Amino acid sequence: TKRYGKNNYTVYSKELDLNTDYKLTIERDLKSAISNLEFMLHYQPIVNLKTGEFNTMEALIRWNHPKFGLVSPDDFISISEESGQIVSIGKWVLHTACSQNKKWQDLGHPPFKIAVNISTIQLQHHSFVETVAEILAETGLDPKWLELEVTESILMEDNEALKDSFLKLKAIGVSIAIDDFGTGYTSLSYLRQFAFDRVKIDRSFINDIGSDLNGKAITSTIIALAHKLNMGVIAEGIEEEGQLTFLKEEQCDDGQGYYFSRPLPAELHKFETTRGDGS
Ligand code: C2E
Ligand code: CA
Ligand code: CA
Ligand code: CA
């Protein structure tokens with residue numbers, strides 16, 4: 001088994017040492033990142049492909065490290081999951097995202113959902129559902145404007161506690177989307193058993209739409225499956241017109257990607273132009 005402690009490698013590897021140092025540094029610096037206000041959220045719209053209006057903003061965390069500058073979540077989320085720090089980071093994300101969405105509503109924007117990425121570790125924490133309920137109460141956000149994005153990997157586990165959490169979250173009125181769909185091993189019975197609201201087709205398939213036939217086949221199959229199960233479908237990572245045309249032809253509901261907008265800080269979003277007349 002791989003460990004990050006000092007004496008677990010018998011063969012010297014400089015690369016491994018650098019890796020270990022980096023991880024330990026990240027883990028150490030994460031401890032003060034919240035109190036030092038080094039995290040921020042960027043927001044990326046999810047757009048209705050028929051009307052062109054957006055209905056959701058996904059919150060994506062950014063870490064402005066005092067020495068390294070902007071660190072990508074791919075570089076620190078997994079480390080924070082191993083150390084358990086994701087629980088407090090995840091709370092910060094939820095609180096900040098819900099509070100931002102409430103602010104947008106209070107400013108008079110037509111309401112839309114805020115989508116928040118939830119780590120497997122967070123979701124399995126015993127007080128997760130209470131935390132969500134508390135944050136909604138504190139921020140005053142109506143639960144129907146919160147969507148949790150859960151990665152597919154978790155759904156292969158036959159976990160009673162997890163099923164219980166999903167049911168409780170539904171009961172509160174929060175919606176749930178399955179992220180990175182198509183890359184994991186969700187059993188079809190799991191999909192049938194729970195009324196997930198939406199699936200997000202993984203970016204890798206959208207990326208393949210233009211280049212090979214399998215990307216198209218997989219994408220249209222996921223769309224058909226989701227619709228048969230009464231779930232909405234979001235295609236992520238749309239960058240080109242051709243991908244959009246194909247997704248519209250296949251009746252994909254929503255889309256997200258650089259084609260529409262990159263993730264941006266809250267204050268840089270111009271709603272009037274992206275949301276049409278808002279009626
Ligand atoms: P994800 O949830 O699948 O998010 C989509 C990623 O694709 C984001 O990267 C986004 O910036 C990027 N993206 C969006 N549109 C395009 C596009 O058209 N082309 C390309 N090439 N990329 C696009 P980001 O922000 O670096 O986040 C990476 C991953 O880190 C996320 O993948 C998510 O798994 C995780 N993550 C981000 N924020 C959070 C968070 O607050 N909590 C947790 N637990 N995980 C987070
Ligand atoms: Ca996501
Ligand atoms: Ca995704
Ligand atoms: Ca991902």
Side-chain angles (χ1 to χ4, degrees), residues 26 30 33-34 38-47 54 56-64 69-101 113-125 128 131-132 135 146-155 175-184 186 196-210 215 219 222 233-244 247 254-266 268:
I26 292 289
L30 277 174
I34 293 182
E38 289 163 8
F39 289 130
M40 71 176 301
L41 296 181
H42 282 188
Y43 299 88
Q44 188 182 31
I46 296 174
V47 177
F54 79 95
T56 309
M57 281 284 189
E58 179 179 2
L60 294 155
I61 194 168
R62 299 291 178 260
W63 182 16
N64 196 1
L70 269 195
V71 184
S72 149
D74 285 327
D75 286 346
F76 70 87
I77 291 291
S78 62
I79 295 174
S80 76
E81 287 176 333
E82 285 170 35
S83 66
Q85 290 162 311
I86 187 66
V87 174
S88 50
I89 296 172
K91 256 188 217 175
W92 180 88
V93 171
L94 258 173
H95 197 281
T96 307
C98 290
S99 145
Q100 179 61 55
N101 201 22
K113 282 186 185 177
I114 187 86
V116 177
N117 291 285
I118 302 296
S119 151
T120 303
I121 308 288
Q122 250 181 304
L123 194 58
Q124 285 173 322
H125 197 266
F128 179 69
T131 300
V132 171
I135 287 173
L146 174 63
E147 184 158 86
L148 305 180
E149 293 195 4
V150 176
T151 51
E152 200 194 356
S153 58
I154 196 168
L155 302 177
S175 43
I176 300 172
I178 308 178
D179 208 348
D180 301 341
F181 191 81
T183 59
T186 310
F196 293 109
D197 299 270
R198 308 202 264 187
V199 299
K200 295 187 85 168
I201 306 176
D202 192 67
R203 199 171 63 198
S204 58
F205 302 118
I206 307 307
N207 198 42
D208 284 349
I209 284 176
T219 300
I222 294 176
V233 189
I234 305 166
E236 65 175 22
I238 302 175
E239 293 181 356
E240 294 158 12
E241 187 93 50
Q243 297 164 339
L244 181 63
L247 290 162
D254 299 307
Q256 184 182 27
Y258 297 166
Y259 179 87
F260 300 106
S261 168
R262 289 187 175 254
L264 295 170
L268 292 188

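Start at 1 and go down the list; that is how both ligands and their atoms are numbered. As the structure is a prediction and not an experimental result, all values here were calculated from the model. These values consider heavy atoms only, across backbone and side chains, with no hydrogens, waters or symmetry-generated copies.
- Checking Ile77, Asn117, Asp180, Asn207 against atom 33 (C) of ligand 1, the nearest heavy atom belongs to Asn117.
- Glu149 pairs by the salt bridge (charged side-chain N to carboxylate O under 4.0 Å, His left out) definition with Lys200, not counting sequence neighbours.
- At a 4.0 Å heavy-atom cut-off, ligand 1 does not touch Leu41 at all.
- Contact atoms of ligand 1 toward Glu239: 17 (C), 18 (O), 19 (N), 20 (C), 21 (N) (distance under 4.0 Å to a heavy atom of the residue).
- With a 4.5 Å cut-off on side-chain heavy atoms, Val150 and Asp179 do not count as touching.
- Considering CD1 of Ile209 and OG1 of Thr219, their distance stands at 4.0 Å, rounded to 0.5 Å.
- Contact atoms of ligand 1 toward Gln44: 14 (C), 15 (N) (distance under 4.0 Å to a heavy atom of the residue).
- Counting only heavy atoms from C-beta outward, the side chains of Ile61 and Ile77 approach each other to under 4.5 Å.
- Here atom 13 (N) of ligand 1 lies nearest to Arg203 when heavy atoms of Glu58, Arg203, Gln122 are compared.
- Contacts between Ser119 and ligand 1, counted as non-hydrogen atom pairs separated by less than 4.0 Å, involve both the backbone and the side chain.
- Looking at Phe181 and Arg198, their side chains never come closer than 4.5 Å, going by heavy atoms from C-beta outward.
- To the nearest 0.5 Å, the span separating CZ on Phe205 from CG on Asp180 amounts to 9.5 Å.
- Considering both main-chain and side-chain atoms, Tyr259 never comes within under 3.5 Å of ligand 1 through any nitrogen or oxygen pair.
- Closest heavy-atom approach to atom 39 (C) of ligand 1 within the set Ile61, Ile206, Thr183: this belongs to Ile61.
- Note: Trp63 and Phe39 have tilted aromatic rings, judged against thresholds of 30 and 60 degrees for the angle between ring planes.
- If you look at Glu236 next to ligand 1, the close heavy atoms, those under 4.0 Å, all belong to the side chain.
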(message) For Glu58 and Asn117: C-alpha separation, side-chain torsions, deciding distance, then whether side-chain hydrogen bond (donor to acceptor under 3.5 Å, both in side chains) applies.
(response) CA-CA 8 Å; Glu58 179 179 2; Asn117 291 285; 2.9 Å; yes
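- How far OH of Tyr43 is from CG of Leu60: 10.0 Å, rounded to the nearest 0.5 Å.
- Note that the NZ atom of Lys91 and the CZ atom of Phe128 stand 10.5 Å from one another [nearest 0.5 Å].
- Under a 4.0 Å criterion applied to the non-hydrogen atoms of Pro263, ligand 1 contributes the atoms 11 (O).
- Screening the protein for N, O or S atoms under 3.0 Å from the Ca ion (ligand 2) yields 4; no waters enter the count.
- Of all atoms in ligand 1, numbered sequentially from 1 with element shown, those under 4.0 Å from a heavy atom of Gly257 are 15 (N), 18 (O).
- Between Ser72 and ligand 1, not a single N/O pair is under 3.5 Å apart.
- Note that CG of Leu41 is 8.5 Å distant from CD of Gln100, once rounded to the nearest 0.5 Å.
- Note: Thr131 OG1 to Leu94 CG = 8.5 Å, rounded to the nearest 0.5 Å.
- Polar contact check, Leu60 against ligand 1: no nitrogen or oxygen pair lies under 3.5 Å apart.
- Here the side chains of Arg62 and Leu70 are in contact, with some heavy-atom distance below 4.5 Å.
- Heavy-atom separations between Arg62 and ligand 1 include at least one value shorter than 4.0 Å.
- Residue contacts with ligand 1 leave out Gly90, since none of its heavy atoms falls under 4.0 Å from the ligand.
- Nearest heavy atoms, Ala97 versus Val116: CB-CG2, 3.7 Å.
- Set against the non-hydrogen atoms of Val93, the atoms of ligand 1 under 4.0 Å away are 41 (O).
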